[in-house]
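Here is the structure we will look at.
What you see below is based on every heavy atom in this structure, not just the backbone, and it leaves out hydrogens, waters and symmetry mates. For the single chain, residues carry numbers from 1 onward in sequence order. Start at 1 and go down the list; that is how both ligands and their atoms are numbered.
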Amino acid sequence: MVISVILLVFLTTTIIVSLNKYIPIMQFSIQKTLLLTGIATAVGVFSSCNNAATNETTDKKDTVVAAPAPAKKEPISQPLVTHIYTADPSAHIFNGKIYIYPSHDTATGTAENDNGDHFNMMDYHILSMDSIGGQVTDHGVALDIKNIPWAGRQLWAPDAAFANNTYYLYFPVKDKRDVFHIGVATSTKPEGPFTAEARPIQGSYSIDPCVFKDDDGKFYMYFGGIWGGQLQRWNNNKYDSAGKLRQPGEQAILPRVAKLNAGMKGFAEPVKEIKILDKDDRLFTEKDNDKRFFEAAWMHKYRGKYYFSYSTGDTHFINYAIGTSPYGPFTYQGVVLNPVDGWTNHQSILEVKDKWYIFYHDVQLSGKTHLRNVKVTELKYNDDGTIQPITAYK
Ligand code: FUB
């Protein structure tokens with residue numbers, strides 16, 4: 001804006017001075033020149049401020065209002081819903097239907113920063129559909145931040161599970177001291193409404209819970225996220241508010257796992273780190289940031305093997321690693337989903353009627369990193385069990 005004003009003043013002054021010089025009939029005095037320059041400046045400043053106000057108003061609307069500039073690339077799939085912004089889709093099949101547990105992105109006008117303050121979500125809406133490609137139902141508000149007794153701000157990526165004839169919604173939110181923990185809420189229906197427990201899950205921390213049910217009926221929670229997800233503040237399950245991110249040559253921070261107890265509202269064991277190894281059985285360092293874990297843990301099983309997928313955050317890939325135990329170690333395999341439009345990338349992988357799908361998000365509707373839209377596309381395996389990498393644009 002400042003540059004536009006300077007240019008406007010410069011151009012106006014140049015034109016007026018030239019007119020003074022070459023068209024004597026106009027006979028502008030220095031005072032008149034300054035006066036006209038002032039008027040032009042005022043008009044420029046007014047119009048720039050007016051534009052900024054308009055942008056801010058648009059950003060504060062929660063509903064999808066307009067398409068951005070035409071996309072450069074053609075997306076391979078379309079947003080599942082367009083009336084609200086949704087992200088971080090965790091998909092499950094309950095009672096023969098596909099349920100998606102996404103974040104509900106909101107435009108609160110919070111300034112963007114590396115802590116993700118602009119992801120300032122206030123509630124969850126659950127989506128469902130009978131089949132892939134079928135009509136999508138938004139079941140309305142399933143849980144509101146104001147009904148979570150311990151919550152401060154920022155309801156981030158949730159997940160859900162069914163056990164004990166109850167549906168459990170797991171969600172990360174900052175407590176009143178601005179520290180992320182993972183909470184749980186229950187319902188008799190997969191779409192909610194959910195009732196939150198009074199306190200976070202004991203021993204839980206950071207973000208992005210994924211709750212995986214193994215074939216033997218045991219449930220495991222995978223979680224964690226660095227940077228704004230605060231995982232760097234937790235070493236040996238102890239909180240250090242001054243905990244630092246790793247230097248490039250240091251071992252990368254590892255995601256976490258814990259088995260859930262039978263009540264599904266607590267851990268059955270201390271939280272453990274998960275090892276993601278390269279082909280030579282070495283852990284990644286922070287400088288391997290196109291491969292190391294950042295956030296968005298997801299676990300699925302294929303042909304008896306455990307597939308741990310995750311986002312690399314600042315390099316924007318969804319990668320995966322395979323292991324033979326729910327605790328790992330997992331051996332790095334490669335990319336599942338190449339970077340999408342928008343800073344974040346977050347997936348879930350689900351089998352539906354003998355086909356596999358990846359649920360993910362991008363920013364097709366808004367063009368803004370914190371106002372995302374969930375999508376789904378088919379995921380294919382090679383004969384050796386590796387995943388065929390997906391690019392979300394043609
Ligand atoms: O939606 C907020 C955060 O952005 C999620 O928790 C991360 O996985 C990233 O998608």
Side-chain angles (χ1 to χ4, degrees), residues 62 79 84-91 100-108 110-127 143 145 151-160 169-175 178-183 200 204-211 221-233 253 255-256 289 292-299 308-320 336-337 339-349 358-366 368-375 392:
D62 261 5
I84 54 171
Y85 294 112
T86 53
D88 310 324
S90 293
I100 304 168
Y101 297 82
S103 300
H104 175 198
D105 281 355
T106 47
T108 55
T110 313
E112 193 165 329
N113 59 28
D114 282 350
N115 280 333
D117 284 350
H118 47 306
F119 298 106
N120 193 11
M121 295 84 109
M122 316 278 192
D123 63 22
Y124 293 115
H125 284 227
I126 315 302
L127 310 176
L143 179 64
I145 196 165
R153 62 178 178 138
Q154 295 183 286
L155 276 178
W156 282 13
D159 195 17
L169 180 70
Y170 299 93
F171 56 88
V173 69
K174 282 180 179 163
D175 66 14
D178 239 17
V179 179
F180 267 118
H181 293 280
I182 296 166
S204 74
Y205 51 85
S206 195
I207 60 165
D208 290 4
C210 157
V211 174
M221 182 186 288
Y222 299 85
F223 63 92
I226 61 173
W227 291 28
Q230 304 178 344
L231 192 55
Q232 65 276 9
R233 298 187 191 175
I253 293 170
R256 308 293 153 95
N289 66 340
R292 62 94 170 92
F293 173 82
F294 188 104
E295 62 187 6
W298 186 259
M299 173 59 69
F308 180 73
S309 53
Y310 56 94
S311 166
T312 62
D314 52 337
T315 51
H316 319 291
F317 293 100
I318 299 297
N319 288 345
Y320 75 110
V336 180
L337 178 63
V340 293
D341 287 347
W343 197 93
T344 63
N345 203 350
H346 192 126
Q347 82 303 344
S348 65
I349 295 170
I358 182 166
F359 293 76
Y360 65 103
H361 65 228
D362 68 8
V363 297
Q364 185 182 330
L365 289 175
S366 75
K368 293 183 182 179
T369 245
H370 62 299
L371 300 176
R372 300 161 289 180
N373 44 259
V374 297
K375 298 182 159 186

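- Heavy-atom proximity to Met121, at under 4.0 Å, picks out these atoms of ligand 1: 1 (O), 2 (C).
- The aromatic rings of Trp156 and Phe119 lie perpendicular to each other, with more than 60° between the two planes, well past the 30° mark.
- Regarding atom 10 (O) of ligand 1, its nearest protein heavy-atom neighbour is Asp88 OD1, 2.6 Å.
- Nearest protein neighbour of atom 9 (C) of ligand 1, counting heavy atoms only, is Glu295 OE2, 3.3 Å.
- Between Arg292 atom CZ and Tyr310 atom OH the span is 9.5 Å, to the nearest 0.5 Å.
- Interface atoms of ligand 1 facing Ala157, defined by a heavy-atom separation under 4.0 Å, are 6 (O).
- With hydrogens and angles disregarded, no donor-acceptor distance shorter than 3.5 Å links the side chain of Trp227 to the backbone of Asp114.
- Note on ring orientation: taking the six-membered ring where Trp is involved, the planes of Tyr124 and Phe171 are tilted (angle from 30° to 60°).
- Closest to atom 4 (O) of ligand 1 among all protein heavy atoms lies Arg372 NH1, 3.3 Å.
- Ring geometry for His316 against Trp343 counts as perpendicular: the plane angle is over 60°, on a 0 to 90° scale with 30° as the lower cut.
- A heavy-atom distance below 4.5 Å is not found between the side chains of Ser206 and Arg256.
- In terms of polar-atom proximity, His346 is counted as a contact of ligand 1, with an N or O under 3.5 Å from an N or O of the ligand.
- Here the protein heavy atom with the shortest distance to atom 6 (O) of ligand 1 is Asp208 OD1, 2.5 Å.
- Looking at His370 against ligand 1, nothing comes within 4.0 Å, counting heavy atoms.
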